[in-house]
2 protein chains.
Amino acid sequence: MTLDDVARMSGVSRATASRSLSGNPSVRDATRLRVVAMAEALGYRVNHAAQALASGQTNVLGMVLPSGSLTDDRYRAQFIGAMSQAATQRDKGLMLWMTGLGDRAEPGLDRMVQSGMVDGVFVLSNGADKAWIDRTADREGVPVVLVGSRETQVGRCRVECDDLGGGKMVADHLAELGHRRVATITGPRSRLDSQYRLEGFRSGLAEHDIQLPGSAVVEGGFTHESGLAAMVRLLDYEPSAVFVANDQMAMGAYVALRGAGRSVPRDVSIVGFDDIPTSLSLAPPLTTVRQDVKHMSALAVDLMLRAIDGTAGPDERLISPTTLVERNSTRSLR
Amino acid sequence: MTLDDVARMSGVSRATASRSLSGNPSVRDATRLRVVAMAEALGYRVNHAAQALASGQTNVLGMVLPSGSLTDDRYRAQFIGAMSQAATQRDKGLMLWMTGLGDRAEPGLDRMVQSGMVDGVFVLSNGADKAWIDRTADREGVPVVLVGSRETQVGRCRVECDDLGGGKMVADHLAELGHRRVATITGPRSRLDSQYRLEGFRSGLAEHDIQLPGSAVVEGGFTHESGLAAMVRLLDYEPSAVFVANDQMAMGAYVALRGAGRSVPRDVSIVGFDDIPTSLSLAPPLTTVRQDVKHMSALAVDLMLRAIDGTAGPDERLISPTTLVERNSTRSLR
DNA sequence: CTGAAAGCGCTAACAA
DNA sequence: TTGTTAGCGCTTTCAG
């Protein structure tokens with residue numbers, strides 16, 4: 001069942017059959033319809049390898065997830081399903097590589113990328129892969145799109161969420177509830193998302209004339225454990241509300257608070273960031289800033305497609321909006 | 001940079017260059033070395049599409065994960081990293097499709113499979129996809145390997161873990177600790193893994209002359225919630241130890257027990273199954289039966305490779321051993 | 001709007 | 001052991 005068969009059976013040349021099936025507008029409607037119907041009737045499927053060889057396009061996208069295990073990064077784990085769906089819906093394959101980049105990469109990764117197995121690659125990492133990214137984008141000519149990651153130094157196409165706006169929403173929410181003695185557990189200072197979230201929070205607070213002294217800001221590492229430790233350190237400050245820069249740390253904060261005999265939200269209100277699926281089933285369900293992972297994934301795939309056909313800028317950044325999801329970990333003081 | 005260049009620069013024909021690089025033994029050592037060195041020097045990479053077209057092999061494996069979200073199935077989530085690594089190490093690409101199968105499938109899935117994008121596909125599901133599997137294996141001629149899934153009706157190559165042995169180990173462990181009033185929360189009765197785990201447990205118990213009456217066996221659904229509910233129902237039986245057929249349900253059981261003011265392991269010992277990563281960080285850390293996901297993944301990829309080159313039987317089943325990981329959720333009664 | 005023809009880069013008989 | 005020669009199935013100029 002090749003294109004030749006379809007062509008012969010429809011009484012056209014192979015070229016016309018090809019054009020008809022690829023929707024080339026220079027084919028008379030009647031002809032195209034006939035060919036398409038015949039292809040359908042014969043159960044024809046284009047041969048992927050042949051198409052790729054002839055056209056120079058594989059219709060396969062790669063995705064690199066440097067995280068060792070999906071368990072310690074629930075946030076990133078969400079993307080794999082969303083990205084897979086977004087790609088499949090556009091009829092693109094999604095090749096997955098769970099490996100480090102550069103030195104920490106499996107050697108197979110570069111071999112595959114260099115042999116033209118994919119048209120572009122998504123990178124979902126959080127740092128220190130600049131060299132690899134530059135090399136594959138510039139030297140190999142394989143477009144790279146960063147997703148939800150904040151490589152500070154890399155000027156590449158990327159899609160992120162609105163950290164700044166999210167931080168601000170938290171400030172507004174807390175102010176509205178009447179909190180004035182607030183604190184925050186940030187992500188690593190080195191990361192842009194941490195910085196934006198903090199900045200948004202701080203500026204939002206400022207608008208409500210709420211102070212955020214140095215002792216009310218402690219740095220975490222975006223992990224459950226670091227959230228726990230940070231919250232312990234914050235106990236002395238006795239905040240009535242804490243903005244924790246991601247949900248995983250918020251879960252750690254819950255544990256710390258429970259350990260200290262404090263109740264959420266009676267004694268202290270907690271707001272997270274990300275809205276990972278488990279945040280809903282915590283006790284109490286976590287008020288948090290939602291990142292729309294599906295939306296971000298759709299944006300990422302579309303951006304990639306444009307990068308591949310050259311219609312995207314060299315460093316477009318797409319910001320996906322965030323929303324505040326009010327649940328039961330915050331309480332009004334009024 | 002094509003094979004032609006490498007051939008020309010090494011003073012051999014394209015055929016010889018191809019043979020040299022693919023390790024064909026019919027090439028004189030000196031020649032091969034020369035070609036390989038030249039290829040290396042020139043930074044040559046085989047063109048994947050051309051190779052696939054000419055050889056009829058893509059070196060890409062597909063993987064279908066019907067689960068909606070990786071969050072509600074932590075067990076399966078582990079496989080995606082492990083499978084990715086196993087594939088990459090053997091220089092195979094791994095294409096991921098997170099979609100249902102059959103009616104619930106994205107239409108893109110079948111299009112891609114039918115266009116020969118992959119040499120074979122792994123299915124990580126748990127049921128009701130027999131029609132799809134049969135069709136792609138038999139009609140499309142694309143080998144299918146089931147991983148950690150228990151499609152009861154499907155006679156296909158598969159790799160599973162030793163559920164029977166695992167269940168038995170739990171019985172031995174509990175008996176050794178002096179428990180005699182034991183109970184179990186099983187997985188869905190319809191699933192083979194549930195059946196095997198229960199059967200192993202029951203037969204192990206029998207060897208120690210321990211009874212397992214009907215009231216001590218309650219069926220769960222392999223989810224956190226079902227584990228909680230099942231444990232609640234088991235409270236009346238007042239078991240001193242409960243074998244819960246997977247870790248996620250065990251977590252639910254923890255919650256139920258805590259809610260009922262019972263302590264683990266003081267009042268009741270709990271044993272899980274799977275050893276998902278979080279089981280280690282529960283309070284108390286969960287004693288459980290470990291499935292070696294990495295090992296299973298390696299077995300699966302190797303089995304697939306054999307299925308592709310026709311050296312595997314039509315329904316080989318590989319059983320990966322399980323091990324008991326003793327942690328702190330079980331206590332000795334002696 | 002359609003067809004003829006030239007490859008895309010590689011592998012695999014078949015010869016030598 | 002190596003080279004010659006056909007393709008693999010498709011896309012895409014270039015004519016018509």
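In this text, all values refer to a predicted model and were calculated from it rather than measured experimentally. Lettering of chains follows the sequences in order, A, B, ..., and the numbering in each one begins at 1.
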From CA spacing to verdict: side-chain contact (heavy atoms from CB on, under 4.5 Å), A:Val60, A:Lys92: CA-CA 5 Å; A:Val60 176; A:Lys92 303 297 171 193; over 6 Å; no
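Where DNA chain C meets chain A (any atom under 4.0 Å from a heavy atom), the bounding nucleotides read 5' to 3' are C:dC1 to C:dG9.
Taking atom CZ on B:Arg8 and atom C1' on D:dG3, their separation rounds to 15 Å, with Å as the unit. Residue B:Arg19 contributes atom CZ, which lies 8 Å from atom C1' of D:dG3 at whole-angstrom precision. The separation between B:Asp4 atom CG and D:dT5 atom P is 14 Å, rounded to whole Å. The separation between A:Asn24 atom CG and D:dT12 atom P is 9 Å, rounded to whole Å. Between B:Leu3 atom CG and D:dG3 atom P there is a gap of 12 Å when expressed in whole angstrom units.
The base of D:dT4 lies outside donor-acceptor range of the side chain of B:Arg14, with no N or O pair under 3.5 Å.
Minimum atom distance to the side chain of A:Leu53 is reached by D:dG9, of the listed D:dG9, D:dG3, D:dG7.
Taking a cutoff of 4.0 Å between a charged side-chain nitrogen and a carboxylate oxygen, A:Asp129 and A:Arg135 do not qualify as a salt bridge. Contact check on A:Asp110 versus B:Arg45 returns no salt bridge, with no Lys/Arg side-chain nitrogen under 4.0 Å from an Asp/Glu carboxylate oxygen. With respect to the salt-bridge test (charged N to carboxylate O, under 4.0 angstrom), the residues B:Arg158 and B:Glu316 do not qualify. For B:Arg14 and B:Asp4, the salt-bridge test passes: some basic side-chain N is under 4.0 Å from an acidic carboxylate O.
Looking at A:Arg32, its side chain never comes within 3.5 Å of a backbone N or O of A:Pro25 through a donor-acceptor pair. In this structure, the side chain of B:Ser115 does not engage the main chain of A:Asn47 through any donor-acceptor pair within 3.5 Å. Formation of a donor-acceptor pair under 3.5 Å by the A:Asp302 side chain with backbone atoms of A:Leu299 is not found in this model.
Remark: A:Ser26, A:Val27, A:Arg28, A:Thr31 in residues 26-48 of chain A come within less than 4.0 Å of DNA chain C through at least one heavy atom.
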